[in-house]
There are 2 protein chains.
Amino acid sequence: MLAATICVDCAVRDQSLCGSLTNSELHALNTLGRRRIVRRGETLIWAGEDNILCANLLSGVLKLVASSGDGREQIVGLLYPADFVGQPYPGQADFSVSALTDAEVCIFPRASFERVLTDHARMERLLLQRTLAALDEARSRMLTLARKSASEKVAGFLVDMATRAAATGCRGTPRGPVTFDLPLSRGQIADILGLTIETVSRQMTQLKTRGVIGLPGGRAITIVDRDALAARADPA
Amino acid sequence: MLAATICVDCAVRDQSLCGSLTNSELHALNTLGRRRIVRRGETLIWAGEDNILCANLLSGVLKLVASSGDGREQIVGLLYPADFVGQPYPGQADFSVSALTDAEVCIFPRASFERVLTDHARMERLLLQRTLAALDEARSRMLTLARKSASEKVAGFLVDMATRAAATGCRGTPRGPVTFDLPLSRGQIADILGLTIETVSRQMTQLKTRGVIGLPGGRAITIVDRDALAARADPA
DNA sequence: CGTAACATTGATCTGGATCAAGTGCCGTGG
DNA sequence: CCACGGCACTTGATCCAGATCAATGTTACG
């Protein structure tokens, strides 16, 4: 039957939380999980709503957005394939989750997922470890948002994206120039870094002018001098 | 013997992670834990060092500090009594932990604590829930740091402190003016909010001038009009 | 008391926001 | 095939919140 085979061809089977389960344990999830496509721009979870779902991200990129009462927004996290989405315990969601690119998720009803967690200590431990890592990352970003200059923010962001791109696979050699596509618009980069579109754009052209990066067009970016970029991100 | 009685008079026995353990289970911790005083200004954990300890905070206030290579600092979290301190899994600490006031902690060797955690699913779950809550808080603060104005930051901070002071107990009535002592210097408040001492000071005097708060002297503060303060913190 | 750390207040400077045009890049339709 | 319109991006001019620099005032403590 279809439900029993949902995990078999899962692209993130090993990297996701489910990787902690044995094949037989997967059966439980098989009956709970549903694949779902989320279109670019679509919102999967709305801030303020009750937590009703958990999910594993299979493909695409999602953003976690915090917003103030009067509409200012800040992207407080990005989610990549194999990342866990949502809150396993009851309560209201504090942040919205929406798709930056077309994405596919494997969805579980929250309550069922909570039960799976309590039944599978290994999975719960894995989630704890991921959550601790996410917390460290969030706290690091607090330093960036509060204390770094615009040029440090942009350089740091590009280093992060280059690292991630290298992890997946992209044109170019690891040591020399590397070219890849940013999955984000200038506006979204601004939302991540706590800047405006204009400032991001100006920093990018400045980096191009100084020969640190290249901007071949569209959302493509070439890292010409990774060390210079890293140095700008973190002035010792 | 002393070790066996360490938890008996623990002030935070019920609110801390240990509250999830039965009396008999506490015996295991009893043999592992050691009380320790941390003086105001003293550092308990240094960023970059290996995680070697976990702890429960018994009294006082600790700060979690992120710093950039060139010395800029940002307080990325405050820890209050009953809060958990440290990382239960191997690795390097990303942040320093030091005492804002004289404090007392109940310390466990990291490896032992990890073992306790794996043996006690209830405790692990509690830690997961706390970590998820801390993550939400960190993300909320990302919005504050990146998008809020100085006056919104200070007002929000004072509301938080007032709420916390009310939770413990302080002079004044809940609805009318409430007076309490801030456990932090202006400089430390600045480190939390991503501002400078001068800006924090100016915002405080402005709030006093407008009759929203009173500054009786020292670190004392009177909340005169809590609603006005909350409105300044979150302009709808 | 004296002094050292902390806090307020004032004057000035500046990085990044805001406001305002351009410019290039498709996709659509004529 | 090219004109058109919409969007994302770049570039320029100006403005302003908050940083920085510089005294001065205040509190706590030996």
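Values below: every heavy atom of this structure, side chains too, minus hydrogens, waters and symmetry copies.
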*Using the six-membered ring of A:Phe84, assess whether NZ or CZ of A:Arg130 lies under 6.0 Å from its centre and within 45 degrees of the ring axis.*
no
*Quickly work out the A:Leu193 CG to C:dG16 P distance and round it to whole Å.*
12 Å
*Identify the two heavy atoms, one from A:Arg186 and one from A:Leu215, that lie closest to each other, and give their separation to 0.1 Å.*
NH2-CD2, 4.3 Å
*Using the C1' atoms of five pairs at each end, what's the angle between the two axes of the helix from C:dC1-D:dG30 to C:dC26-D:dG5, to 10 degrees?*
30°
_If I take atom CG in residue A:Leu195 and atom P in nucleotide C:dT18, what distance separates them, rounded to the nearest angstrom?_
11 Å
*Closest to side chain of B:Ser185, choosing from C:dA7, D:dA8, D:dG18*: C:dA7
_Sidechain-backbone polar pair: B:Asn56 side chain, B:Cys106 backbone, donor-acceptor under 3.5 Å_ = no
*Value in whole Å for how far the P atom of C:dA17 lies from CZ of A:Arg72*: 13 Å
*If you take all heavy atoms of A:Ile189 and A:Leu184, which pair is closest and at what distance?*
CG1-CB, 4.0 Å
_Heavy-atom closest contact (B:Thr222 atom, B:Pro216 atom, distance)_ = OG1-CG, 3.5 Å
_Member of B:Gln206, B:Arg226, B:Arg232 meeting the side-chain contact (heavy atoms from CB on, under 4.5 Å) criterion with B:Val212_ = B:Arg232
*Whole angstrom is fine here: how far is it from CG in A:Leu145 over to P in C:dG16?*
13 Å
_Separation of atom CG in B:Asp181 from atom C1' in C:dC6, rounded to whole Å_ = 15 Å
_Pairwise distance CZ(B:Arg40) to OG1(B:Thr101) - rounded to 0.5 angstrom_ = 8.0 Å
*Give the rounded distance in Å between these two atoms: CG of B:Asp191 and C1' of C:dC6.*
14 Å
*Pick from B:Val76, B:Ile75, B:Thr144: which one makes a side-chain contact (heavy atoms from CB on, under 4.5 Å) with A:Met142?*
B:Val76
*Upstream residue (5' side of DNA chain C) when B:Arg40 and B:Arg147 are each assigned their closest nucleotide*: B:Arg40
*Reckon A:Arg219 touches a base, only the sugar-phosphate, or nothing at all at heavy-atom distances under 4.0 Å?*
sugar-phosphate
*Name every residue in residues 196-215 of chain B that has at least one heavy atom under 4.0 Å from any atom of DNA chain D, in order of residue number, or write none if there are no such residues.*
B:Thr196, B:Glu198, B:Thr199, B:Arg202
_Interatomic spacing from CD1 in A:Ile37 to CD in A:Glu104 - rounded to 0.5 Å_ = 4.0 Å
